[in-house]
Novice: 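Here it is: the structure, laid out below.
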Amino acid sequence: MPESRRPDAESVRNALPQAERVMAWLAAREEVGRTLRLPLGGLPSERDERLAHMADVLQATAQGLGPKAAAVWAGIPEHLLRQWLENDRDFASAVRAASSLASAHGLEPGARTPAVIRVVLLALSDGMPWGTAAAVAGLSGHRLRQLWRASPTLVALVDLARRARPRGPRTYVPLHRRPRTPGRKPTGQGAGYRLVQRESRDTDRGSRDTDPKT
């Protein structure tokens, strides 16, 4: 994306503190979930993790976002979302209901909403190029550039999202399969989803089939 016609530098600097708080909040979503789990004790389950992501998909869909944007919002690969939709009738029905709710209130994919900006920032911070991030959110690259040029806040947010990009290819790994942070000693009550309670086939069918191999 060309860097010409940015808002003036002072206005961007003034917007930076608020933009930093927003990006920190977006980056801390998983940590919040882990922390809220601690008072409950015991181990989280694969089902807990999957349902949390499904709830994120429903929230995104109810705000007028399409499947690609909802997957970015929920932090999961699009192919995993499609597997869930194919294999879980109740979830698929809930997604259709959320989409109908958005349509009933005039929210359609491509509408200019805060949800769209959130998806753009998440996509950029995940390493997507400008045009791809705009398309996933339902915007053209030109339209997103117009918004960028008119808003010091968006410029600050985009700058921060770009700095957060991974250095190499990023692969989705479920929380319960992620290695512990080097040098961090385990704490009580599960140590942040490093251990999980595996669900039986009778109580959680399909969990092994729908999670991607790592």
Novice: Please report the shortest heavy-atom distance between Phe91 and Val57, naming the atom on each side.
Specialist: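 Reported closest heavy-atom pair: CZ-CG1, 3.8 Å.
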
Novice: Checking side chain to side chain contact (heavy atoms under 4.5 Å, CB included) for the pair Leu101/Thr61: CA distance, chi angles, key distance, verdict?
Specialist: CA-CA 9 Å; Leu101 176 65; Thr61 304; over 6 Å; no

Novice: Start with the C-alpha distance between Trp84 and Val95, add both sets of side-chain angles, then the distance that settles side chain to side chain contact (heavy atoms under 4.5 Å, CB included), and finish with yes or no.
Specialist: CA-CA 11 Å; Trp84 289 347; Val95 169; over 6 Å; no

Novice: Is there a chain of hydrophobic side chains (I, L, V, M, F, W, Y, each step under 4.5 Å between heavy atoms) that links Val116 to Leu26?
Specialist: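 Result: yes, single cluster for both.
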
Novice: Run the numbers on Glu31 and Arg34 for side chain to side chain contact (heavy atoms under 4.5 Å, CB included), then give the verdict.
Specialist: CA-CA 5 Å; Glu31 174 106 18; Arg34 291 195 295 266; 3.3 Å; yes

Novice: Check the hydrophobic clustering (I, L, V, M, F, W, Y; side-chain heavy atoms under 4.5 Å; chains of links allowed) and say if Val158 and Trp25 are grouped together.
Specialist: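 Per the 4.5 Å side-chain linkage, Val158 and Trp25 are co-clustered.
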
Novice: Checking side chain to side chain contact (heavy atoms under 4.5 Å, CB included) for the pair Val72/Lys68: CA distance, chi angles, key distance, verdict?
Specialist: CA-CA 6 Å; Val72 170; Lys68 290 184 178 180; 6.0 Å; no

Novice: Quick one: CG on Leu144 to CG on Leu139, what's the gap to the nearest 0.5 Å?
Specialist: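 Atom-to-atom, Leu144:CG and Leu139:CG are 6.0 Å apart.
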
Novice: With a 4.0 Å cut-off on N to O distance, would you call Arg82 and Glu86 a salt bridge?
Specialist: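 Answer for the salt bridge query: no.
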
Novice: So do the side chains of Pro17 and Arg21 get within less than 4.5 Å of each other, counting heavy atoms only?
Specialist: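 Sidechains of Arg21 and Pro17: in contact.
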
Novice: Are Arg50 and His53 packed together at the side-chain level, in the sense that at least one heavy-atom pair is separated by less than 4.5 angstrom?
Specialist: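 SC-SC contact between Arg50 and His53 ruled out.
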
Novice: Might you point out which heavy atoms bring Met128 and Val136 nearest each other, and give the distance in Å?
Specialist: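 Met128 and Val136 have their closest heavy atoms at SD-CG2, 4.0 Å.
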
Novice: Backbone N or O of Gln83 within a donor-acceptor pair of the Asn87 side chain at under 3.5 Å?
Specialist: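 The answer is yes, because a donor-acceptor pair under 3.5 Å joins these two groups.
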
Novice: Report yes or no: do Arg143 and Gln146 form a side-chain donor-acceptor pair below 3.5 Å?
Specialist: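 Note: Arg143 and Gln146 side chains meet the donor-acceptor criterion.
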
Novice: For Ala69 versus Leu65, what's the shortest heavy-atom pair and its separation?
Specialist: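 Shortest heavy-atom contact: CB-CB, 3.8 Å.
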
Novice: How about Asp159 and Arg6: do any of their side-chain heavy atoms sit closer than 4.5 Å?
Specialist: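 They are in contact (side-chain heavy atoms under 4.5 Å apart), so the answer is yes.
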
Novice: Please indicate whether Gln18 has more than 12 foreign heavy atoms, meaning atoms of other residues, nucleotides or ligands, lying under 6.0 Å from its CD.
Specialist: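 12 or below, so no.
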
Novice: Taking the side chain as every heavy atom from C-beta outward, state whether Asp90 and Ser93 have any atom pair closer than 4.5 Å.
Specialist: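 With C-beta onward as the side chain, the pair stays apart.
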
Novice: What's the shortest heavy-atom distance between Ser11 and Pro7, and which atoms?
Specialist: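 Here Ser11 and Pro7 meet closest at OG-CB, 3.8 Å.
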
Novice: With a 4.0 Å cut-off on N to O distance, would you call Asp56 and Arg29 a salt bridge?
Specialist: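 Salt bridge flag = no for Arg29 with Asp56.
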
